[in-house]
Each structure stands twice: as structure tokens, then as C-alpha cells.
Amino acid sequence: MSMELRDEAGLRRARTLFLGAWLLLCALKLALAVRLPLFVDEAFYWLEGQHLALAYSDLPGLTAWLARLGVSVGGNHALALRLPFLMIGALLPWLMVRMTAREFDARTGWQAGLLLMLLPLAGTLGVLALPDVPLLLASLLCLDAGARALREVDASVAAELALGLVIGGLTHYRFAAVVAVGLMALLALHEGRAALRRPLLWLAIALGALAWLPLLLWNLDNADAGLRFQLVDRHPWSFGWHGISLGLMQLLPATPVLLVAFVQAGKRGLRDASPQARWLALCGVLLILAFLALGFFADRRRVSFHWTLPGFVALTPLLPAVLAGWARGWRATAWATVSMGLAAALGYLVLAASPAGRIWAARHGQYPANFAGWDALDAAVRARLEAMPPGTRILAGDFKIAAELGFARDDADILVLDHPLNRKHGRAPQLALWGLRFDGRMPDSGASLLLVASPSHAGFPDAQSAIDDLCRQLGPLPAPQVLDVDGGGKRFVLYEITRVQPQPRCAGD
């Protein structure tokens with residue numbers, strides 16, 4: 001067979017594999033989005049979307065706007081909420097194919113798109129309505145525009161860059177790292193410095209800067225509460241050896257064998273004759289190293305293994321060439337391990353979507369608590385309210401319960417008690433702005449409050465401490481209705497509160 005025919009056969013095979021994997025993955029993600037209970041952060045973004053604003057205490061506005069768009073079009077259902085994110089997630093591999101094929105060749109483009117889908121964190125994007133979805137879209141648009149700008153800056157390049165910068169600025173504080181790394185990469189390249197002398201590029205940057213204005217104004221109006229949470233309150237800013245374990249967690253989603261290929265791709269890309277390859281390598285390496293270094297000084301209590309994903313995505317177009325130079329056995333191992341990584345990530349979501357799976361996970365120390373128990377809790381609350389006086393209001397023990405019950409009941413005005421979780425996740429200022437933080441007053445109608453809390457939720461050293469905190473805020477508590485879900489994996493308590501008498505100390509203190 002001639003070289004030309006082999007190349008054509010390889011191209012057809014790569015395209016067929018990509019299309020088959022894309023269709024299968026889209027179908028799997030759609031099925032999961034229908035069945036998977038709402039994650040607590042998704043529910044809170046729904047709640048923010050019901051209180052539309054330009055920015056919020058935890059994030060800029062885009063994630064909440066997309067959540068509002070979904071339920072406005074499809075109704076108050078989990079699939080409708082997730083649909084805009086599913087569509088963005090389905091678009092991302094095509095953007096990778098387009099960029100890689102332009103800078104290298106068509107076969108490499110299809111392979112890079114397939115690799116992006118197989119990366120566990122990238123492949124599952126869209127199943128959950130989370131800011132990482134538009135954040136990666138913004139990162140890819142900026143990456144593509146930067147690669148094009150090294151060749152020529154025209155109106156379409158400026159428009160793509162502006163769009164990426166605007167989407168990123170409206171999505172997350174963390175996008176500032178992408179902007180900073182991109183600017184450093186341009187300055188490091190001769191072609192990048194030439195591009196920065198073009199007024200059109202600066203026009204795009206200026207438009208992107210305007211996207212941060214709502215966040216700036218929100219912080220100016222609220223004593224910098226969002227900035228303090230993102231940059232001060234959640235980070236100790238002192239060196240800790242925990243950064244080693246955190247770094248391993250940030251690298252693990254790349255899967256072990258493919259991680260070696262990422263390292264080789266970064267090293268080769270930095271020395272490549274092509275400015276586009278050096279641009280991709282610089283962006284990827286700098287982002288990954290920056291977040292790995294940050295892990296030694298930053299947040300030690302929250303999940304951050306997804307921070308490095310834009311860096312790995314930047315290196316993905318360089319992977320096919322690296323894998324092509326490996327022996328067939330190692331290539332097969334790389335593809336197999338990354339496929340197993342995606343299967344494990346999807347498998348965890350399948351487990352979280354199944355009551356039997358959650359019970360099994362609870363018995364094995366892997367309980368998906370943030371997905372669990374909400375349908376059972378909603379049913380218990382509805383039954384309890386039917387037996388209580390008309391006008392009874394729900395009082396949630398923390399923002400998670402308020403958001404999940406709010407979504408289930410289509411009620412965006414559930415009152416919330418003070419709780420460490422509200423502060424830990426930066427939601428306490430927003431609840432106060434909405435007037436949903438409980439102020440100690442009973443309903444004007446004289447009706448009761450139905451307190452719904454969970455001693456299983458983090459924030460206290462043990463369940464009794466959580467109950468004692470309820471007593472300190474509300475006074476002596478009646479006997480609770482106890483709801484155990486998933487074989488005891490999670491516990492909720494429901495109290496009928498007829499009067500509020502805060503106690504400085506409770507029985508047992």
C-alpha cells in the first residue's frame with residue numbers, strides 16, 4: 001500500500017473513531033444528566049439564576065444565567081438545568097479538532113479531539129451544570145485565537161479572542177490565571193510580541209477586561225466580600241507540604257501513562273520550530289506549574305484537582321505526535337489507561353445516580369453525599385408540611401438544603417440558618433443580600449417553622465455539635481423526625497419550631 005493510501009486510511013480511521021466516541025459519549029452524558037440527582041453546587045447556581053444579577057458573592061454571573069436559561073426553556077428539571085452545559089460540553093471536542101487540524105494536520109486533529117473526550121475531567125464536562133464547562137470553552141477560544149494571532153491578527157481573530165475573554169471573565173475568578181499565562185506566553189514569543197503591537201488585539205483585550213466590571217462593582221458594593229473569599233479567606237497563604245498530595249491529585253486525572261506523554265509534549269513543544277507549537281506548550285506548562293505551585297500555599301479544604309485541566313487541554317494538540325513515536329504496546333497502554341480513567345469517572349456518576357450504588361458506596365467509604373438524599377428529603381418535607389398549620393415556612397439548616405429543596409419545590413425563597421458551610425463556600429453574603437438568612441423572627445402569620453437540617457453535613461466535629469449549634473440559634477428543640485437515606489449514608493432531622501429562644505449554651509455544653 002502506498003504512503004498516500006496509508007495516510008488516507010489513517011485519516012478515515014481517526015475520523016471514524018472520533019465520531020463514534022463523540023456520539024457514544026453524548027448519549028451517555030445525556031442519560032446521566034436525566035438520572036443523576038442534582039449536585040449541591042448545581043442547585044445553588046439554580047438558586048442564583050432565580051435571583052438574576054450581574055455577579056454574585058461566589059462567582060460572576062454566567063453560570064447562573066445558563067442555569068436560568070435551561071430551566072426557562074425546559075422547565076424545572078435537572079436535564080433542563082444541565083442542557084446548556086451539555087451542549088457546550090459537546091462542542092469542546094470539535095473546537096479541539098478544528099484548532100489542531102489547522103495547526104498540524106487533519107488526522108492529528110481527530111486524534112486530539114478524541115484524546116480530549118477521553119480525559120476524565122474533560123470527557124464528563126456538561127453532565128453537571130458547573131462553571132468549569134464555560135471556563136474550558138473560554139480557555140479553548142483564547143488558546144485558538146492566540147495560535148491564530150501568531151500568524152496574523154485580523155477581525156476574526158480579535159472577535160474570537162474577545163469572545164473567549166468575555167466568557168471567561170463572566171465565569172470564574174480562576175480565569176485570571178488563564179489570562180495572565182496567555183499574556184506571558186505571547187510576550188515570550190517573537191511572533192507574540194509582534195501580535196501585541198496590533199491595535200485589534202488590544203481592542204479584544206479591552207472588551208475582555210470589561211467582562212470583569214460586574215464582579216468589580218459587586219465587590220465595591222459589598223466590602224470586597226467575593227475577593228476576600230476567593231483570595232484571602234479560603235487560602236492560608238503559608239507553605240504546607242500538603243501541596244505534594246494535592247499536586248498528585250491534580251496530575252492524576254491526566255492518567256499515569258498519558259501523563260508521561262504530556263511531559264514529553266511540553267518539552268518537545270517548547271523547542272519546536274513552530275511558534276504555534278511553542279505557544280501551546282508555553283500555555284500548558286505554565287498553567288500546570290502555576291497551579292501545582294499554588295497548591296503549596298492555597299486552599300486545603302476544598303476540591304481543586306480540576307484546576308490544571310486548561311493546562312492539559314493546551315498540551316493535548318501536541319500529544320498525537322508524541323504517541324506516534326512510542327512503541328505500539330505503549331501507545332495501546334496510553335489509550336487504554338485514559339479510556340479506563342474516563343470509564344471510572346462516568347462509573348462514579350452512574351453509582352451516584354443509583355440508590356443501590358449509593359448504598360454500596362456508603363459501605364465502602366465513597367459515599368457521594370452531595371448528590372444524595374434530596375428526593376427522599378423532599379418527599380418527607382411535603383408529607384410533614386401537610387400535617388402542619390397553613391403558612392408554615394421551611395427553615396433550612398444550610399445553603400445546600402435550601403438550594404436542593406428550593407429546586408425540588410420551585411421555591412427560591414427558603415430561609416437559611418447560619419452555618420459554617422455557608423461561609424466556607426462563600427455563599428453567606430449572597431444569602432444575606434437576598435434576605436434569606438434567618439433573622440430569628442417567626443413568620444408574621446404566627447405559623448410554625450419547619451426546620452430541616454443535616455448533622456451529616458460538614459462544618460462541625462460531630463453530629464452532636466451540629467445539633468447543639470441549632471439549639472444555640474433557635475432555643476430548646478422538640479423531638480425530631482429523623483430521616484435516614486441510603487442505608488444510613490446520610491441523615492436529616494426535621495423539627496417543628498413554634499418559637500425561637502436563642503440559647504448562649506445548650507444542655508450538654
Side-chain angles (χ1 to χ4, degrees), residues 37-41 43-44 47 58 229 233-234 300-303 358 361-362 365-381 384 392-406 408 414-432 436-440 442 448-509:
L38 217 60
F39 188 70
V40 290
D41 285 342
F44 195 79
L47 186 60
D58 56 340
F229 167 69
D233 297 344
R234 64 180 294 184
R300 303 171 188 181
R301 299 184 299 165
R302 298 164 185 83
V303 170
R358 293 194 297 270
Q366 300 296 324
Y367 188 60
N370 284 323
F371 291 101
W374 306 117
D375 290 343
L377 178 63
D378 177 49
V381 167
R384 186 65 182 266
T392 297
R393 290 199 66 178
I394 298 172
L395 174 60
D398 57 66
F399 84 88
K400 294 183 178 183
I401 294 172
E404 291 282 358
L405 282 180
I414 292 178
L415 296 172
V416 189
L417 277 178
D418 181 45
H419 194 283
L421 282 177
N422 304 344
R423 298 185 294 276
K424 175 184 176 182
H425 293 275
R427 272 75 191 255
Q430 195 62 60
L431 294 169
L436 298 183
R437 189 167 65 189
F438 184 61
D439 60 6
M442 295 293 295
S448 303
L449 291 167
L450 176 59
L451 170 62
V452 184
S454 176
S456 304
H457 285 179
F460 297 97
D462 52 51
Q464 186 57 50
S465 298
I467 300 301
D468 290 345
D469 186 70
L470 295 177
C471 174
R472 280 189 283 269
Q473 293 191 65
L474 299 171
L477 299 171
Q481 174 186 343
V482 178
L483 174 66
D484 285 324
V485 295
D486 294 333
K490 196 168 188 180
R491 170 168 290 185
F492 296 98
V493 287
L494 286 71
Y495 300 90
E496 181 176 359
I497 305 298
T498 56
R499 61 178 180 174
V500 176
Q501 295 178 306
Q503 307 287 309
R505 293 178 63 83
C506 291
D509 278 4

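Everything numeric here is computed off the predicted structure, so don't read it as measured data. Each residue takes its place number in the sequence, starting with 1.
- His457 NE2 to Ile401 CD1: the interatomic distance, rounded to the nearest 0.5 Å, is 5.0 Å.
- Here the two rings, on Phe460 and His419, have centers that are under 6.0 Å apart.
- The minimum heavy-atom distance between Val485 and Gly373, with the atom names listed, is CG2-CA, 3.8 Å.
- The main-chain N or O of Ala369 is found under 3.5 Å from a side-chain atom of Lys490 such that the two form a donor-acceptor pair.
- For Asp398, the salt bridge (Lys or Arg N to Asp or Glu O under 4.0 Å) test picks out no residue, with sequence neighbours left out.
- If you take OG on Ser454 and CG on Leu494, they are separated by 10.5 Å, rounding to the nearest 0.5 Å.
- Remark: Arg427 CZ to Asp58 CG distance equals 4.5 Å, nearest 0.5 Å.
- For the side-chain hydrogen bond (donor to acceptor under 3.5 Å, both in side chains) test, residues two or more places apart in sequence or in another chain that qualify with Asp484 are Arg491.
- Aromatic ring orientation, Phe371 versus Phe39: tilted (interplanar angle from 30° to 60°).
- Under a 3.5 Å cut-off, the side chain of Asn422 and the backbone N or O of Leu417 do form a donor-acceptor pair.
- Scanning all heavy atoms of the two residues, the minimum distance from Ala372 to Asp486 falls at CB-OD2, 3.5 Å.
- Using a 4.5 Å cut-off on side-chain heavy atoms (C-beta onward), Phe438 and Leu449 make contact.
- The CZ atom of Arg384 sits 9.5 Å away from the OG atom of Ser448 when rounded to the nearest 0.5 Å.
- Scanning both residues, Ile497 and Pro478, for their nearest heavy atoms gives CD1-CD, 4.3 Å.
- Considering all non-hydrogen atoms of both residues, Asp418 and Asp469 come closest at O-OD2, 4.1 Å.
- Contact between Pro455 and Ala466 at its shortest, heavy atoms only, is CA-CB, 4.1 Å.
- Atoms CZ and NZ, from Phe44 and Lys400 in turn, are 12.5 Å apart once rounded to the nearest 0.5 Å.
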What do the steps show when you test Phe399 against Leu47 for side-chain contact (heavy atoms from CB on, under 4.5 Å), and what is the final call?
CA-CA 10 Å; Phe399 84 88; Leu47 186 60; over 6 Å; no

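- With rounding to the nearest 0.5 Å, the separation of CD in Glu404 from CD1 in Ile414 is 10.5 Å.
- Applying the salt bridge (Lys or Arg N to Asp or Glu O under 4.0 Å) test to residues at least two apart or on different chains, none of the pairs has a partner in residues 450-465.
- Between Leu483 and Ala380, the shortest heavy-atom contact is CD2-CB, 3.9 Å.
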